[in-house]
Amino acid sequence: MTTLSKLSKGTKAKIHSFNESLEAKSMIIGLGILPGDEVTLVSESFLGSPLTLRLKDGETIAMRTEEASNINVELLG
Amino acid sequence: MSKKALIIGPPNSGKTALFNLLSGSNRKVANYHGITVDTALAGLKINKDKKDEDKVIVVDLPGIYSLVPSSIDESVTISTLIGKNNQVSEYNDIFVVIDASRMDSSLSLALGMKELFDDKVRIIFNKSDMENAKHFDLDGIGKNLGVPYIITSALKDNGEEVQKFIVDNTSSSPLTPAKKISITEKAAELNPFNVVFNECGAIDITNEITSLNFVEKYQRSARDLKASYAKGDKKDTILFSNKIDKIVLNPYLGGLIFLAVFYFIFHSLYTFSGPLMDFIDGGVGSFGETIGALLPEGLLKSFIVDGVIAGVGGVIIFLPQIMILFFLLSLLEQSGYISRASIITDKIMSVFGLNGKAFLPFMSGFACAVPAIMATRTIADKRERMTTLMVLPLITCSARLPVYVLLIGTFIPSTTVFGIFNSQALSFFFLYFLGSITALIIAKLFRLSFFKGKTNSFIIELPLYQKPSLKVASKSMMLKGKVFLKKAGTIILGLSMVIWALSTFPQVPEEKLATMSEDQQVSYSLEYSAIGRMGKVIEPVIEPLGYNWKMGVGIIVAMGARELFVSTLGTIYALGDVDEESDTLRERMMAETDPNTGLPVYNIAVAWSLLIFFAFAMQCISTLAIVKRETDSWSYVAYMFGYMTLLAYGGAFVTYRLLI
């Protein structure tokens, strides 16, 4: 198990859980990122800039590394 | 009384496009740049021939991701649903917009709303023309939901069917939630209307797990529903957008593209508007001459030509620039690039303790600080929001443009620097840069002192790229142009008249003038007038900055609105114009000499001192008013005015001393 912030470009992962300290959980869930979902990392964080994720149906979402480090994922390769 | 229909949907679902399509010209609030942060009301176009009780008012509200708000603008919408919005205390029906190109977030919201109102909602499927909307059987989903629905596209349709749908489905009895809305304690702190949530009966404040379970539940059922009505091969879904993103979000290329896009905007602002401005300038000049020739010598002629035409004419030449700016911003905003730009700038923003979401307010700030300050509502953290709000007026807004154009165009010689750059264009760029970088530095200082705290989260959804509609951009351009002309025709016209009167009266007694040359007569009359006396009083204060009393008067008047500096100088110099050789303000300013030394009044040092002063000074009553409204406190207004005045005076002083 690792966190979303540690993925490298192009890797797929399955969302496992959210940490207690993750802010804006309602927005993340409202946007459609749920435990069990498969996500792909489109672009890595560059010098701490936000990373970009692709959700299951191809929708794209960006978030800061701070948030991503509070989302636990399982690597899918 | 007419009936009210709320339009509810997630951000970027095209609610506002729909609202604009449906509403006549009677819209009350203008939200700017692709983001709704406040309640907007408007009657339907087809209301015209109807009786009052049959009229339907549509209400546009900020987009929400779920029923648990995560920022103040979302909370405006939730408060409206429970009847606590001052502008809309009662409504008759709710139309939930489903973005057919992004079913996830919008379908779950629709399910949540449906349950909250016991099936008494109506559905509008929007963006049905988009490629990835064709992967769903929208009719099937609509039938499954079992509530009235319509399938449309706000950008393609003419809106007649949707209007009919809204009229047919808006009942005359008021609608209220059938259940309580469950929100977290943190969400309850976002409270724009100061509602006592736990006593109002419509809200349940619960722990995070309970309220988020609701959100998740609707997400899951939305997915099931979506899956059962999917059709066709979904491989090509969103492929195109993702391909563009590969380039645009690339760390290196993305930054270059970002700079290129914004350089292009400034460049167009400067080059495309040139011929148009010259045309208007020449038109105003010859119009003044023609009218002047028709009128008999005397006060009336002076009032019309020197007061009204010179004052208003000095300002309306900036119409082309305002229109080009808003046209290009609208194209950019429609295309979906703005969200990408905020990702690229988020890193820089975070260094200065700000949120990537501050990018949009910053962008709007280049047009006007008022909508920009309103747009800070999307920033969830209070301290980040206040910081952003406090520094926004430093961004170079379009009201500064007339002053910059006048001073740079007149006093900075146009030469080529570093082989390719034009010195005037470079001066512009420098002032824009100066405003932005100062705003960021001051923001950092605020974040280290008054608004200390950790930098907050930033999550943003990237809408699909879309071909921008020229029609929509033209509409936005015309609207902003109209607003600008209206201002020129009302406030600026009125003030030009006042300035003329103040600089004409009291008149010097005839016998005193008899011994003077024509030159002396004119300048003595101005100094003798009410405005001349005012200027003389403040002269000692502004003298260290290199200004004479005429500029002082311009600055005083510009405290109301920056453009007034130009119209005021227009009137003062038109009155002071002796030789009648020079028709435009520029020529008159260049010709002015100091009666004591005989040297020109304006030189590079004075021009830059004025430019720096205008870059930093808080000269906008509307901005102060909106700050009062948004912060609900006079002390923020005082702080803002105070720090900006210090910065302006100090900056101008240093500039003048360095250059003289």
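Convention: sequence-line order gives letters A, B, ...; per-chain numbering from 1.
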Between Ile61(A), Thr60(A), Val42(A), which is the residue that forms a side chain to side chain contact (heavy atoms under 4.5 Å, CB included) with Leu462(B)?
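Exactly one option meets the side chain to side chain contact (heavy atoms under 4.5 Å, CB included) with Leu462(B), and it is Thr60(A).
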Is the number of heavy atoms from other residues, nucleotides or ligands under 6.0 Å of Lys217(B) NZ greater than 12?
yes
Which heavy atom of Ser26(A) sits nearest a heavy atom of Ser66(B), and at what distance?
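Shortest heavy-atom contact: O-OG, 4.1 Å.
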Counting heavy-atom pairs under 4.5 angstrom with chain B, the leader among Pro35(A), Ala62(A), Gly32(A) is Ala62(A)
Which one of Ile28(A), Leu34(A), Leu22(A), Ile29(A) has the most heavy-atom pairs closer than 4.5 Å to chain B?
Leu34(A)
Is it true that a side-chain atom of Gln219(B) and a backbone atom of Gly30(A) form a donor plus acceptor pair closer than 3.5 Å?
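Checking the backbone N and O of Gly30(A) against the side chain of Gln219(B), a donor-acceptor pair under 3.5 Å is found.
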So, are Asp37(A) and Arg223(B) salt-bridged, with charged N and O less than 4.0 Å apart?
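Answer for the salt bridge query: yes.
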If you measure from CD on Glu59(A) to OG on Ser101(B), what distance do you get to the nearest 0.5 Å?
8.0 Å
Look up atom CZ in Arg64(A) and atom CD1 in Ile343(B), then write down how far apart they are to the nearest 0.5 Å.
11.5 Å
For Glu74(B), which atoms come within 4.5 Å of any heavy atom of chain A: side chain, backbone, both, or neither?
neither
Heavy-atom contact with chain A under 4.5 Å, split by part of Phe214(B)
neither
I want to check something: taking the side chain as every heavy atom from C-beta on, are Leu31(A) and Ile459(B) in contact at a cut-off of under 4.5 Å?
yes
I'd like to verify something: which residue of Met103(B), Arg220(B), Lys186(B) has the highest number of heavy-atom pairs under 4.5 Å with chain A?
Arg220(B)
Selection from Val68(B), Val215(B), Ile460(B) maximising heavy-atom pairs under 4.5 Å formed with chain A
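With the most close heavy-atom pairs to chain A, the winner is Ile460(B).
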Measure Asn70(A) against the heavy atoms of chain B and call it side chain, backbone, both or neither at under 4.5 Å.
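No part of it gets close to chain B.
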